[in-house]
Participant: 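Have a look at the structure that comes next, please.
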Protein chains: 2
Amino acid sequence: MARGSQTRQRIMDVAQEAVLDKGFDATSIDEIVANAEITKSGFFYHFRDKNALARALIERHIEIEDALFDDLFERARELSDDPLQQLLIGLKLLAELLSDIPGGHPGCIVATAAYQDRLFDNEVREANRRAVLGWRSRFRDMLETVQQTYPMNEQVSLDHLADMFSVVIEGGLVMARAVNDPRLTEQQVLLLRSYLNLLFSPASRSN
Amino acid sequence: MARGSQTRQRIMDVAQEAVLDKGFDATSIDEIVANAEITKSGFFYHFRDKNALARALIERHIEIEDALFDDLFERARELSDDPLQQLLIGLKLLAELLSDIPGGHPGCIVATAAYQDRLFDNEVREANRRAVLGWRSRFRDMLETVQQTYPMNEQVSLDHLADMFSVVIEGGLVMARAVNDPRLTEQQVLLLRSYLNLLFSPASRSN
DNA sequence: TTCAGAACCGCACTGGTGGTACAGTACCTT
DNA sequence: AAGGTACTGTACCACCAGTGCGGTTCTGAA
């Protein structure tokens, strides 16, 4: 890796840690600069302003999260051939992953961005929007496959249902913070799993 | 109303509008002061610092929201004697209410507070926590009543299920912001309704 | 070996913002 | 008339995002 992008990477690492810990606006550039062992001029050489940093962080975060989901449902596919079981196993794996994070939930940058709308520029909000829509189509695809084998017990929109994955994860992270209970998100993901099970399972059965 | 608390109220009104529109930290005291037609000294007479304002806003918001929930489920009780139907009707009314808000979602102060942890002091976070726990016990009570008549089709924790109300609402508001679709929250509340229906209904039926 | 350009450093400065300090004043009640 | 409540006015401080710009170091291609 070139010298330049190494520094850029280091700035982002330092920034991400601080942002997840205490929020974007509570993280000063001076602080990032100090921890990344660089000067303010150096920072502004790599990022036009704080918005550019936010955008870079969000985009990187999305890539990592996408790769994580890919991995997770790939493993689920290895464990079962049934599309519904794949989905249920994937959610179980996700719940485990959320509980395994040491020191609790790191929080989600997407939510941070969404709730500080005016603090960010259009590009940041667009990156955020793209990420969320990406998740929607990802989960929608999986749900469609499930539906082909298992008719729904109650008619609901697949798009809305796909959004529910994000809603439960994001909402779970927010609430986990609010009550200071890192396990809350995991529990909520399992409830979503329970819903999907009831929605698609032919007979009412517990597992 | 005394002259003092009138001014205090006006400050909070002006602040709330700005905060819901663009976030807490993006709202400057100078701006509030200008719109409330008061001086900076006047502001700091009523609020020790910006944290005190945040706390007051959250506490007032919680009261309003609690009253709103009381009202909503009171109406639901008038419409049906069956505890499950009361819950389902209440959620339907909530969804309608969320879609009726002109100009889309106002956003939720609780989430804002949760995601800017370090920006606020302990008192603010405590107020936030109390609010969320209040909702938990509110919905938990309702779910317990339902469970006495309708055994669950799948065993899940009532506490977690109670939290899911808040999770779906908060998560819905976050996602609605992220994709700029005000109807998203409403749709998600209806999905929660669908889940509860499947979870408690004796036979699988649509309604 | 040279040399252009990328990747920084150093430093001074601006404007906005949260917050303090404190003296003075209008108003209202007793 | 007195005293508290509810402010106003002014001056000030520290911190932070961001700008400007000249200077320096490193690196790879010619």
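Reminder, nothing fancy here: chain letters follow the sequence lines and each chain counts from 1. Keep in mind that what you see is a predicted model, and the values were worked out from it rather than measured.
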Participant: Is the phosphate of D:dC7 approached by B:Thr7 (side-chain N or O, under 4.0 Å from OP1 or OP2)?
Facilitator: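 Answer is yes, contact under 4.0 Å.
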Participant: In whole Å, I'd like the distance from the CD atom of A:Glu31 to the P atom of D:dG18.
Facilitator: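 From A:Glu31 CD to D:dG18 P: 15 Å.
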Participant: Take the protein atom CD of A:Glu37 and the nucleotide atom C1' of C:dC8, then report the distance between them rounded to whole Å.
Facilitator: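 Result: 14 Å.
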Participant: In whole Å, what is the span from the CD1 atom of B:Ile38 to the C1' atom of D:dT8?
Facilitator: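 The distance from CD1 of B:Ile38 to C1' of D:dT8 comes to 10 Å, rounded to the nearest Å.
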Participant: With A:Asn35, which residues qualify under side chain to side chain contact (heavy atoms under 4.5 Å, CB included), at least two apart?
Facilitator: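 With sequence neighbours excluded, A:Asn35 shows a side chain to side chain contact (heavy atoms under 4.5 Å, CB included) to A:Val14, A:Glu31, given in chain and number order.
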Participant: I need a per-nucleotide contact map over nucleotides 10-30 of chain C, read 5' to 3'. Cutoff is protein heavy atoms under 4.0 Å; write B for the base, S for backbone only, - otherwise.
Facilitator: BB------BBB----------
Participant: Do A:Arg10 side-chain atoms and A:Ser5 backbone N/O form a donor-acceptor pair below 3.5 Å?
Facilitator: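 No, the answer is negative, given that no donor and acceptor are paired below the 3.5 Å cut-off.
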Participant: Has B:Tyr45 got a side-chain N or O lying under 4.0 Å from the OP1 or OP2 atom of D:dA6?
Facilitator: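 Yes, because at least one side-chain N or O of B:Tyr45 sits under 4.0 Å from OP1 or OP2 of D:dA6.
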Participant: Could you label the plane-to-plane angle of the A:Phe139 and A:Phe165 rings as parallel, tilted or perpendicular, counting under 30° as parallel and over 60° as perpendicular?
Facilitator: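 It falls in the parallel class, under 30°.
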Participant: Examine distances only and state if a side-chain atom of A:Arg136 and a backbone atom of A:Asp163 form a donor-acceptor pair shorter than 3.5 Å.
Facilitator: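 Between the backbone of A:Asp163 and the side chain of A:Arg136 there is no qualifying donor-acceptor contact (under 3.5 Å).
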Participant: Using 30° and 60° as the class limits, which term best fits the ring planes of B:Tyr195 and A:Tyr195: parallel, tilted or perpendicular?
Facilitator: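 Plane angle between 30° and 60°, so tilted.
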Participant: Go through B:Gln9 and B:Arg60 one step at a time and tell me if the side chain to side chain contact (heavy atoms under 4.5 Å, CB included) criterion holds.
Facilitator: CA-CA 10 Å; B:Gln9 206 68 23; B:Arg60 195 178 67 166; 3.0 Å; yes
Participant: Does D:dA6 have its OP1 or OP2 closer than 4.0 Å to a side-chain nitrogen or oxygen of B:His46?
Facilitator: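 For D:dA6, neither OP1 nor OP2 has a side-chain N or O of B:His46 closer than 4.0 Å.
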Participant: In this structure, how many angstroms lie between the P atom of C:dC8 and the CD1 atom of A:Ile11, rounded?
Facilitator: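 Those two atoms, CD1 and P, are 7 Å apart.
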